[in-house]
Structure formats: C-alpha cells, structure tokens
There are 2 protein chains.
Amino acid sequence: MEKSKIIHNVYAHPLLTEEDLSLISSLHQEVYFSKGEYYLSKGEKPESYLILQSGLMRSFVYDYNGNDVTTHFFTKHQLVIEVLSLFKQMPSEESIQAMTDSKCWKIDFNVFENLFHTIPGLSEWGRTWFSEEMYRFKQRSLEMKTLSATDRYLKLLKNHPEVILQAPLKHIATYLGVTDTSLSRIRKEISKGDIPLK
Amino acid sequence: MEKSKIIHNVYAHPLLTEEDLSLISSLHQEVYFSKGEYYLSKGEKPESYLILQSGLMRSFVYDYNGNDVTTHFFTKHQLVIEVLSLFKQMPSEESIQAMTDSKCWKIDFNVFENLFHTIPGLSEWGRTWFSEEMYRFKQRSLEMKTLSATDRYLKLLKNHPEVILQAPLKHIATYLGVTDTSLSRIRKEISKGDIPLK
DNA sequence: TAAAACACTTGACTTATGACAAGAAAACAC
DNA sequence: GTGTTTTCTTGTCATAAGTCAAGTGTTTTA
C-alpha cells in the first residue's frame, strides 16, 4: 500500500478535500525503526507524531518499583503519539519503542499545527480524533475495572490478535495489569478449552 | 463567593479578556441539585455542562454484573461534564448524580460552541482544558495499575479529603477499584497507624 | 556456532481480595 | 419520633493473583 492511500485512510474526514489530503500527505516523511529502537524516551519533548504503516510499537511507563508497564500497543495505521507531552510541550512520562521493525510516516508537529489553523477540515478531524482518543482511554480504564484478567486477554486477542502474536508475553501482561506468570496460566486455562470464547 | 469570581477562576486564561469573561459569565445559569438527584442519566444526550460551585457530584457506570462503579468525583469549581457524549452527541454510558445538595452554573453547549468559534481565547482555553482532562485520565488509569489500593486511598485522602468525608464508602470503594469490605479493612489498617502516611 | 540473553512455563507457597452474612450505628422518611 | 433503610464494620471462608525459583526452549550476538 503506498503512501497516499495510508494518509487518505488515516485522515479520512468529510471536510477534507483531495487537495487538502495531498498537501497533508506531502508533509509526512518516511522513517524506520528497528526492533527495540526508541521513538521517544522518558523525559524527552516530542516534536512530531507518526503514522504506523507496518510493524508494532508500544508505549510504557515505569511504576514505583521501576518495572516497566506497557500503556498502549500501536498497531497498523494508528497514530503513534504521546498526546500530553506533545500538546503541552513538556517532558514525556511515557517512552515509545518499536516491538518489531516498523515503517512509519512522520510529521513535524509545528507543521501540523500550521495546517491545523489553515485547513478547517483538519481542525475538525483533529477534534474528532482527540475525542475518539479520549473515548478509547475511558473505555480501557473502565475495562480494567469491570473485566477479569482473562476477559481482558480474550478481548485483546479478539480485537488485536497481531499484538498477542508479536509482543512478548511480559509486555502483554503488564498491559493487562497482571504478572507474566499469571498470564501464562491464563493462556493455559484457555488452551484447555475451559473458557468459553464467547 | 459570587458568580463572576467563580467564572473568572474556572475560565482563567491569558487570552481571555475581562469582556470575554463577562460575556461567558452571563451565559451561565444557576441550577441546584439535591442529594441523589441526577444531572445526567445513562442513555441521555447531554446538552450542557456545569460548573460546580458547592457540593459533591459523581459519575458512574454499570459494570457487566450491573454493579455501579464510580468513575469520577466532581469537586468544587470543576466542570461537571461527560465529554464523550457531549462532543460526539451520542447517548451517555455514564450517569452523573449529586452526592450532596449542590449549587451549579449551567451553560448550554450550543451556546458555548458559538462562543468557542468567535472568541479565540476560549478555543485555546478549551483545548487546554481538554488536554488537561486527558492528562488527569492518563494519570488516573496509570495509578490504577501502579499503586496499591491503600496508596490509591491515601492519595485520594490527601488530594480530595472532602470526597472521603462526604461520599459513602461504597462509592469511594468502586472508584478505587476495590469492594467496600476491602476498603473498610484498609481504613482500619491505616487507623492502627501501621501505614506510613508519607 | 557457542555463550549469553531472553521468553515462557510450571511448581510450591504466600498474600490480598472477594463473597457472603450478621449486626451495630447512623441517616432518612413519613 | 419511630420504623425503615442505608452505612459501615467484622468474621469466616474461598479464590485469584503475586512471589520466588527452577527448568526448558528459543533467539540473539559476537
């Protein structure tokens, strides 16, 4: 899939014209991250965001014991972004790292902001995206409360099997809020067929 | 504290002038909620938001067992708002209820949106507020993972003692992600002095 | 290709938390 | 002001999940 298709896909919005999209597209630059490589490290101020074309990335923080806790998996065609530090221009608490070799399109945030103020459709798109992002956040934090670890795992498996297949168990475990030992046992239970897949 | 002081306080932003604030202020109307009364019920589309002058309110959802789970406590001078359903104009998953008799200032969202597009400072304020809201969300969902139930309780006690004092234990418990039984025991441990208050 | 690092599983044990139920105290409603 | 409901605590017991440690297989890397 070539660049303009990806960009059109990600920025799809009724108010954005073909010309808008071409312009937006032209401002994205190809970047590659190899497995383990960091896009953003804790303490840095991000100056851009990415669109992930292929591969898998994750964001994580360190908890009070110094353990890293995965906060999000970025999958194909998602924005790879740390919203808070980018918008507030403050050092990031989160780090972002490639889990597999990844190909991305990068856009400078200043450049984006200029466009944002000149293309009305883009600010609409941005507002929508941000409110969707908030929605995903609220949903996820609710799930952490209302679903069991097994159900959270099954949900991730159903919605993002690529994460289960490509990410190491320990990162999936912290993402789901359990230890790797527990997750290993959950998998065992599921594979025994005791757990209905709904 | 009279109306304009509250409004000035809540909408404080370098780009908002005295005249802007007077105009904004004039569009807020006094409303009262008595203890237990709903501002928003699950399934409704909100058409406004509130500024809480005095009292305590909470938002909550029902989990898969039908238990209500408190998602947020609204305290003095906070916006009482369900962002997603208000912005996306869809039925709310959350309900919002007064925990004590409360005095609020209400503004119609359409009215706000008109202002939003005509007063540049207000859209800046809105963007900032929303990103702060996101920040609070991320912080909270992180805490749910990285802090123990006891630490989460102590943090709430430190930052919002008024919630601990005014909300019934069962709602505090679901907010913290534990049962009321557990929270009661956590309190007991703390009162024994075994837990350092940091 | 050998050594090291990592990924995953499993066992034994401990601990935290939940479910259920009973009872005291406080708040509320008529 | 009394009866009812709600709130909170506490006990017992069951269960889920964490910790620690060992062992196996698989990548990675020099």
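In what follows, chains are A, B, ... by sequence order, proteins preceding strands, each numbered from 1. Please read all numbers here as calculations on a predicted model, not as lab measurements. All heavy atoms count here, side chains included; hydrogens, waters and symmetry mates do not.
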Separation of D:dT24 atom P from A:Asp180 atom CG, nearest Å, is 19 Å
Exercise for review: Determine: side-chain N/O of B:Lys170 to OP1/OP2 of D:dT7, distance under 4.0 Å, yes or no.
Suggested key: yes
Per atom distances to the A:Val178 side chain, the nearest of C:dT9, D:dG18, C:dT10 is D:dG18
Rounded to whole Å, CG of B:Asp151 lies from P of C:dA16 at a distance of 13 Å
Next on the checklist: Would B:Glu133 and B:Arg136 count as a salt bridge (Lys or Arg N to Asp or Glu O under 4.0 Å) here? Give the steps.
Outcome noted: CA-CA 5 Å; B:Glu133 183 75 357; B:Arg136 288 185 284 269; 2.8 Å; yes
Atom NZ of B:Lys188 and atom P of C:dT17 are separated, to the nearest Å, by 16 Å
Query - Under-4.0 Å side-chain N/O to phosphate OP1/OP2 contact, A:Lys35 with D:dT27 - result: no
Which of D:dT10, D:dT19, C:dA7 is nearest the side chain of A:Pro168? It is C:dA7
Whole-Å distance, B:Leu165 CG to C:dA27 P, equals 13 Å
key: Distance test, side-chain N/O of B:Thr179 to OP1/OP2 of C:dG18, below 4.0 Å   = yes
Identify whether NZ of Lys or CZ of Arg in A:Lys88 sits under 6.0 Å from the centre of the six-membered ring of B:Tyr135 and within 45° of that ring's axis.
-> yes
To the nearest angstrom, the CZ-P distance between A:Arg187 and C:dT10 comes to 12 Å
*Pair of N/O donor and acceptor under 3.5 Å linking D:dT12 base with B:Arg185 side chain*: yes
SB check B:Lys138 A:Glu94 (cutoff 4.0 Å): yes
Exercise. Does OP1 or OP2 of D:dA17 have a side-chain N or O of A:Ser182 closer than 4.0 Å?
Worked result: no
Atom CZ of A:Arg152 and atom C1' of D:dA17 are separated, to the nearest Å, by 11 Å
Quiz prompt | Residue pair B:Arg127 / A:Arg127, side-chain heavy-atom distance below 4.5 Å | solution = no
Per ring pair (Phe, Tyr, Trp, His ring centres under 6.0 Å), A:Phe87 is matched among A:Phe112, A:Phe116, A:Phe109 by A:Phe109
Answer for the Watson-Crick or wobble partner of C:dA24, both distances under 3.5 Å, is D:dT7
